[in-house]
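Heads up, the thing below is written out as structure tokens.
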Amino acid sequence: MLLAIDCGNTNTVFSIWDGEKFLCTLRTSTHHSRTADAYFTWFSTLINHYKIDPQITGVAISSTVPRVVWNLRVFADRFFGLRPLVVGKPDCLLPVAPRVDQGTTPGPDRLANAVAGYERYGGDCMVVDFGTATNIDVVAHDGAYIGGVIAPGVNLSLEALHQGAAALPHVDVTQPDKVIGTNTVGCIQSGIFWGYVGLVQGLVQKVKDEYGLPMKVIGTGGLAPLFEQGAHLYDEIDEDLTMHGLVRIYDYNKEQGNI
């Protein structure tokens with residue numbers, strides 16, 4: 001069994017892969033001060049709830065928060081006796097190296113998305129990932145990550161609006177009944193929802209125009225299904241795409257004798 005861990009700026013996701021499918025996916029908020037013991041207490045409690053006996057034989061980590069990686073390493077070593085594979089580190093091999101500007105280090109989640117996008121849907125595709133940031137990751141015909149787009153995330157924009165405008169309340173992200181809001185909450189919901197639909201549509205088209213070849217669009221991240229309700233934004237929705245990328249990267253390193 002492989003324990004795949006994707007640590008983002010807002011949430012950290014743990015998924016257990018049994019070789020054929022994910023047995024469960026667990027989500028917790030990201031805190032750099034959370035200890036290895038705290039991770040294990042939370043993890044084991046939920047695993048017992050799902051009645052899973054995890055015989056973990058490998059751990060793969062993707063983290064956009066460097067300060068968290070140390071405690072996750074200790075967690076893997078202390079409780080499973082394993083040295084985790086950390087995507088983005090020099091000792092982690094990728095099936096195809098990214099082609100970006102010299103000195104640029106793509107985020108590990110973007111590398112995992114590129115690997116999974118290619119493995120599951122083929123090359124010449126882009127991944128729209130709704131997280132703390134809204135990312136578009138472009139994958140070439142051979143599976144290489146070749147760049148993309150970073151925009152402020154939906155919840156980040158809502159929080160900034162709430163903090164920067166004292167009279168405006170914090171609202172939930174949802175599709176409003178109509179575009180023209182007749183109250184403050186409706187106006188904000190319309191601006192966020194239809195604004196991000198327009199942002200994604202516009203960026204996807206710009207990427208396609210610049211790439212110059214037909215491209216498949218894959219949506220991922222917790223909010224991807226919500227925004228699909230407003231318009232046809234993607235060809236596929238794959239909420240576990242990043243985790244599938246971690247599985248494939250781990251398997252590739254095992255095939256190469258790197259683990």
Side-chain angles (χ1 to χ4, degrees), residues 1-18 21-50 52 54 56-89 92 105-116 127-135 137 150 152-159 173 219-226 237-250 253:
M1 287 185 180
L2 173 68
L3 176 59
I5 304 174
D6 177 35
C7 177
N9 289 291
T10 304
N11 292 314
T12 300
V13 180
F14 288 59
S15 292
I16 298 176
W17 176 258
D18 70 354
K21 63 184 182 300
F22 288 113
L23 298 180
C24 68
T25 296
L26 314 174
R27 187 179 299 267
T28 185
S29 57
T30 298
H31 291 294
H32 69 268
S33 59
R34 181 169 287 149
T35 64
D37 292 347
Y39 276 118
F40 184 73
T41 300
W42 165 81
F43 177 78
S44 58
T45 299
L46 288 179
I47 290 301
N48 289 334
H49 171 77
Y50 285 105
I52 296 173
I56 304 298
T57 57
V59 179
I61 299 173
S62 163
S63 178
T64 58
V65 187
R67 295 174 68 186
V68 173
V69 174
W70 169 254
N71 282 323
L72 290 175
R73 284 183 181 273
V74 174
F75 164 76
D77 177 64
R78 180 177 297 168
F79 298 104
F80 302 113
L82 297 169
R83 179 176 179 268
L85 180 72
V86 181
V87 178
K89 297 297 183 183
C92 177
T105 304
D109 54 335
R110 308 188 80 175
L111 296 174
N113 284 345
V115 170
V127 177
V128 181
D129 188 350
F130 288 90
T132 304
T134 299
N135 294 335
D137 307 317
I150 301 176
V154 178
N155 287 313
L156 192 64
S157 295
L158 270 173
E159 190 63 31
V173 182
T220 192
L223 291 177
L226 170 65
I237 294 180
D238 191 335
E239 294 183 61
D240 293 323
L241 188 74
T242 308
M243 310 311 280
H244 279 292
L246 285 174
V247 171
R248 176 59 192 134
I249 292 171
Y250 183 87
N253 278 264

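- Nearest heavy-atom pair across Thr134 and Pro152 is OG1-O, 3.6 Å.
- A donor-acceptor contact under 3.5 angstrom links the side chains of Thr12 and Thr30, judged on distance only.
- The heavy-atom pair separating Gly245 from Ala116 by the smallest distance is N-CB, 3.4 Å.
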Dump the intermediate steps for side-chain contact (heavy atoms from CB on, under 4.5 Å) on Val13 and Met243, then the final yes or no.
CA-CA 9 Å; Val13 180; Met243 310 311 280; 4.2 Å; yes
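- With a 4.5 Å cut-off on side-chain heavy atoms, Asp37 and Phe79 count as touching.
- Here the options are Val65, Asn9, Asn11, the test is side-chain contact (heavy atoms from CB on, under 4.5 Å), and the partner is Thr132; only Asn9 passes.
- When side chains are defined from C-beta on, Thr242 counts as touching Asp129, because their heavy atoms get closer than 4.5 Å.
- The distance from atom CG of Leu2 to atom CD1 of Ile56, rounded to the nearest 0.5 Å, is 7.5 Å.
- With rounding to the nearest 0.5 Å, the separation of CD1 in Ile52 from CG in Leu26 is 7.5 Å.
- Contact record, Ala36 with Arg78: CB-NH1, 4.2 Å, taken as the closest heavy-atom pair.
- Across all non-hydrogen atoms, the minimal contact from Thr220 to Ala224 is O-CB, 3.6 Å.
- Between Leu23 and Tyr50, the closest side-chain pair of non-hydrogen atoms is not below 4.5 Å.
- Note: Ser62 OG to Ile249 CD1 = 7.5 Å, rounded to the nearest 0.5 Å.
- Here the closest non-hydrogen pair linking Pro54 and Met1 is CA-SD, 3.8 Å.
- Between the NE2 atom of His244 and the CZ atom of Phe22 there is a distance of 4.5 Å, given to the nearest 0.5 Å.
- Ile16 is listed as a side-chain neighbour of Ile47, based on a closest heavy-atom distance under 4.5 Å.
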Might you work through the side-chain contact (heavy atoms from CB on, under 4.5 Å) test for Val127 and Leu241, ending with a clear yes or no?
CA-CA 9 Å; Val127 177; Leu241 188 74; 3.5 Å; yes
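- With rounding to the nearest 0.5 angstrom, the CG atom of Asn135 is 8.0 Å from the CG atom of Asn113.
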N/O donor-acceptor pairs under 3.5 Å from side chains in residues 66-75, not counting sequence neighbours:
from: Arg67; atom 1: NH2; to: His32; atom 2: NE2; distance (Å): 2.9
from: Asn71; atom 1: ND2; to: Arg34; atom 2: O; distance (Å): 2.9

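- Partners of Asn253 by side chain to side chain donor-acceptor pair (under 3.5 Å), not counting sequence neighbours, listed by chain and number: Asn258.
- Ring geometry for Phe14 against Tyr39 counts as tilted: the plane angle lies between 30° and 60°, on a 0 to 90° scale.
- Annotation: side chain of Leu226 is not in contact with side chain of Phe130 (no heavy-atom distance under 4.5 Å).
- The shortest distance between side-chain heavy atoms of Ile61 and Cys7 does not fall below 4.5 Å.
- Remark: Asp137 pairs with Arg110 by the salt bridge (charged side-chain N to carboxylate O under 4.0 Å, His left out) rule, at least two apart or across chains.
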